[in-house]
Structure formats: structure tokens, C-alpha cells
Participant: 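I am attaching a structure below and will ask some questions about it afterwards.
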Amino acid sequence: MTPHVPAPATQPEPGTQRCLLPARNYDLAATLDSGQSFAWTLVGDAWEGVAHQCWIRLRQVPDGIEATTPLPDPKSPALRRVGLLAPDKARETCAVAASGQAVESGSPWLTAYLQTDLDLSAIVDTFPPDAPLIEAVKCCGGLRILRQDPWECLASFLLSATKQIVQIRQICATLRRRFGSPIAVPAGHTPAFAFPSAQTLASTTESDLRQCGMGFRARYLHQTARRVARGDLDLLNLRSLPLDAARTRLLELPGVGPKISECVLLFSCDQPRAFPIDVWVARALRRLYYHGRRVPAGELRELAATHFGPWAGHAQQFLFHYARRYARLTH
DNA sequence: TTCCAGGTATTAC
DNA sequence: GTAATACATGGA
């Protein structure tokens, strides 16, 4: 499927810098709106959101993804953590960008976040050649998996239990507004906030969190934030552990079960075999691989672990997006 | 009004 | 070991 590609803008707006991340076979809309991140909003023909504590605007353009960020403001040290480059490098490029040129140099952290360097067709080639996957890939080609911050990913999915994606997005936005640090945005833009750290959330109360509309999930988020804040679990170190070890550590956290742990492993811990099975994926697996029969959860897990190969998580994301967006699979 | 939402922990067989 | 149930909240 070919994503809609709007015409490129010519000039970055004043006070911002822009760069192009070359990418082939990349569907930005499918990627940002497929329930893996809850940080992005469609504004006109672009997606606005916050990643790595930076406000960003992303647009699909013919050669890849165009990214816009605010220029660093030397008068606001608290808001200085902005830009497509590390802050020191960003200052060097200010003059160039402010003069109206697009910044063409790379931005390693954004490339890593969006995974624009990954060869998606090589991944798809590793999938088993079965009809359901072929159909899902045909419908959702260009769907990527982001590499998110582990804490934001864990906290967001703790809030996901029996919530619609639109509501998870709302709760995350409220959490940012109430507890996140303000970050730089283009002049005149509505304020944006970083995702609050585990330390910050640990220092609030369960009742404070509950007022963000998260209901019973507040206790899980608060308790997990406290454990992470006091160092029981080093989330970044999780990325260097083998799959089983990382999974075991995550499952020790309150409110984290088999589904949420797989989400964190797949979306933030470099574990492409991780395979979250939620209601949609379970429904899709039953419908597409078992003729709609009732199948024990254990059998679905067995299929997930053995059938889809080294990039099973991507297969899962195709099936999830396909079921939700195109097939509208119901019970 | 009733049902359901990218689940998990607890309790009951 | 597997099957029901409570858990808050808001949108459809």
C-alpha cells in the first residue's frame, strides 16, 4: 500500500529546524497510529508529538520522513533540551537553519526512534508464507515498529489495560500535562511536556495519579514507578539482557503480566521476537489460523513463539493493525 | 442503559 | 493447571 505523500513544504517556519530522514517502504501514519505509542497527534498533514523529551513534527515526504523541531533557546536553559542533534551540535547549526535552510545532517536519536534505517522488506521476507500474513502485509505495508524509551513504554502500557487506544492517549496526555516538564515548542504553539520520569511519578501519590482518569491502574503505575525509581530494575540495562531474562524481570513488576511485558520488550527493548497477544491479536490468530475455533490461550502463545520466526513481533504488529484497521475482525 | 476497551491479580474449581 | 471475577472510567 502506498502511503499518501503530500507535497513537501519549502521553508522551515521561523524558530525551527528541519531535516530529512531518508526512508523507503515507511508508512508514517500506520506506524504512529497503530497502538504502539500514545504520544502522537495528527495535525493537518503532519504528526506532532514528543520523543526523547523533544517536541517534533513529522511529515511523510517522497524520500522519507521530514522532521521539524524547535531551535534551542539560549535564554531558557530549562527548555534547552531540543533539537534534532545533541544540544551542542544543535547550536552550531542554528545559524544555518535560522537563515531558512533545511538542516540536512542526520539526527541519530530520531533515526533510532523511527527505525528508518531498518530494511523492512528483508524482515517481511523472513515471515512464514501463509495467507493471513501475506494479506496483512499487503494491506499495511510500510508499518514499522518504533524504538521507544523503556520507561515511557512501560508506564503507557500499564495504563492500557481494558482501555481504548484513544483513551490511553488521553490519559498519557493528562499525565504529561500534570507531571511532565515543559519542553520547547515553536513560537505560538500550545505547550508540550516531557513524559514524567519514574522518579517524578514515584514522588506523587496514588490519588494524584488517579485524578488523571486512570482508575485502578493508578496503583500499578505508582508501585512500579517506586520500584524503578529506587533502582530495583534498571530499564535501560534490560536492553542488554537475553529475552527470557528481560521478560522475567518485567514480570516481577506490579501490574505487568504476559501482554504488557511483551509490549515493553518489543517496543522498547530490542526484542523482535516478543509477541504481545491482546484481544485483537488473539481474535486475529483464532480467526485466521484456527478457522474461528475456540483455542486455549496456551496454544496461541505456542503458535506465537514458534510459527513467526525471528521477527515475530513485526508479524504481530501487522496482524494487529490489519485486524483493527482493515478487517474489523469481531468476536 | 448497557456494553466494551492493546490486562492483571485474585479466587475458585 | 485453567476458568470466572473485580478493578475505574469514558465513549459508543
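Residue numbers start from 1 in every chain, and the chains themselves are labelled A, B, ... in the order their sequence lines are given, proteins ahead of strands.
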Participant: NA contact type, A:G213, heavy-atom cut-off 4.0 Å: base, sugar-phosphate, or nothing?
Facilitator: sugar-phosphate
Participant: Check every strand shown and say whether A:Q317 touches a base, only sugar-phosphate, or nothing at a heavy-atom separation below 4.0 Å.
Facilitator: base
Participant: Tell me which of A:G298 and A:Q170 sits closer to the 5' end of DNA chain C, going by the nucleotide each one is nearest to.
Facilitator: A:G298
Participant: Give one of base, sugar-phosphate or nothing for A:Q316, where a contact means two heavy atoms less than 4.0 Å apart.
Facilitator: base
Participant: Could you check whether A:R210 gets within reach of a base, just the sugar-phosphate, or nothing at all, counting any heavy atom under 4.0 Å?
Facilitator: sugar-phosphate
Participant: Applying salt bridge (Lys or Arg N to Asp or Glu O under 4.0 Å) as the test, list every pair that has at least one member in residues 182-207 of chain A; sequence neighbours left out.
Facilitator: A:E206-A:R210
Participant: Checking side chain to side chain donor-acceptor pair (under 3.5 Å) against A:S34, which of A:Q317, A:R325, A:R144 comes through?
Facilitator: A:Q317
Participant: Atom CD1 of A:I145 to atom P of B:dG6: distance rounded to whole Å?
Facilitator: 18 Å
Participant: Going 5' to 3' along DNA chain C, between which two nucleotides do contacts with chain A fall, using a heavy-atom cut-off of 4.0 Å?
Facilitator: C:dC7 to C:dG11
Participant: Mapping A:L251 and A:I277 onto DNA chain B by nearest heavy atom, which one lands closer to the 5' end?
Facilitator: A:I277
Participant: With a non-hydrogen cut-off below 4.0 angstrom, is A:S37 in contact with a base, only sugar-phosphate, or nothing?
Facilitator: nothing
Participant: Got a sec, which residues hit salt bridge (charged side-chain N to carboxylate O under 4.0 Å, His left out) with A:D244, two or more places apart in sequence or on another chain?
Facilitator: A:R247
Participant: May I have the distance from A:R219 (atom CZ) to B:dA9 (atom P), rounded to whole angstrom?
Facilitator: 10 Å
Participant: Mind checking whether A:F193 and A:F179 have ring centres under 6.0 Å apart?
Facilitator: no
Participant: A:Y220 OH to B:dT10 C1': how many Å, rounded?
Facilitator: 9 Å
Participant: So what does A:S160 touch, heavy atoms closer than 4.0 Å: a base, only the sugar-phosphate, or nothing?
Facilitator: sugar-phosphate
Participant: Just wondering, are more than 12 heavy atoms of other shown residues or ligands nearer than 6.0 Å to CZ in A:R239?
Facilitator: yes
Participant: Rounding to a whole Å, what distance do you find between A:Q164:CD and B:dC3:P?
Facilitator: 16 Å
Participant: Below 6.0 angstrom between ring centroids: does that apply to A:F267 and A:F320?
Facilitator: no
Participant: Would you say B:dA5 has OP1 or OP2 under 4.0 Å from some side-chain N or O of A:R283?
Facilitator: yes
Participant: Do the ring planes of A:F38 and A:F157 sit parallel (below 30°), tilted (30 to 60°) or perpendicular (above 60°)?
Facilitator: perpendicular
Participant: Classify the nucleic acid contact of A:V166 as base, sugar-phosphate or nothing, counting any heavy atom under 4.0 Å across all strands shown.
Facilitator: nothing
Participant: Using whole Å, report how far CD of A:E252 lies from P of B:dT8.
Facilitator: 15 Å
Participant: Is A:W280 stacked on the base of B:dG6, with ring centres under 5.5 Å apart and planes under 30° apart?
Facilitator: no
Participant: Would you indicate what A:P296 reaches in the nucleic acid, counting non-hydrogen atoms under 4.0 angstrom: base, sugar-phosphate, or nothing?
Facilitator: nothing
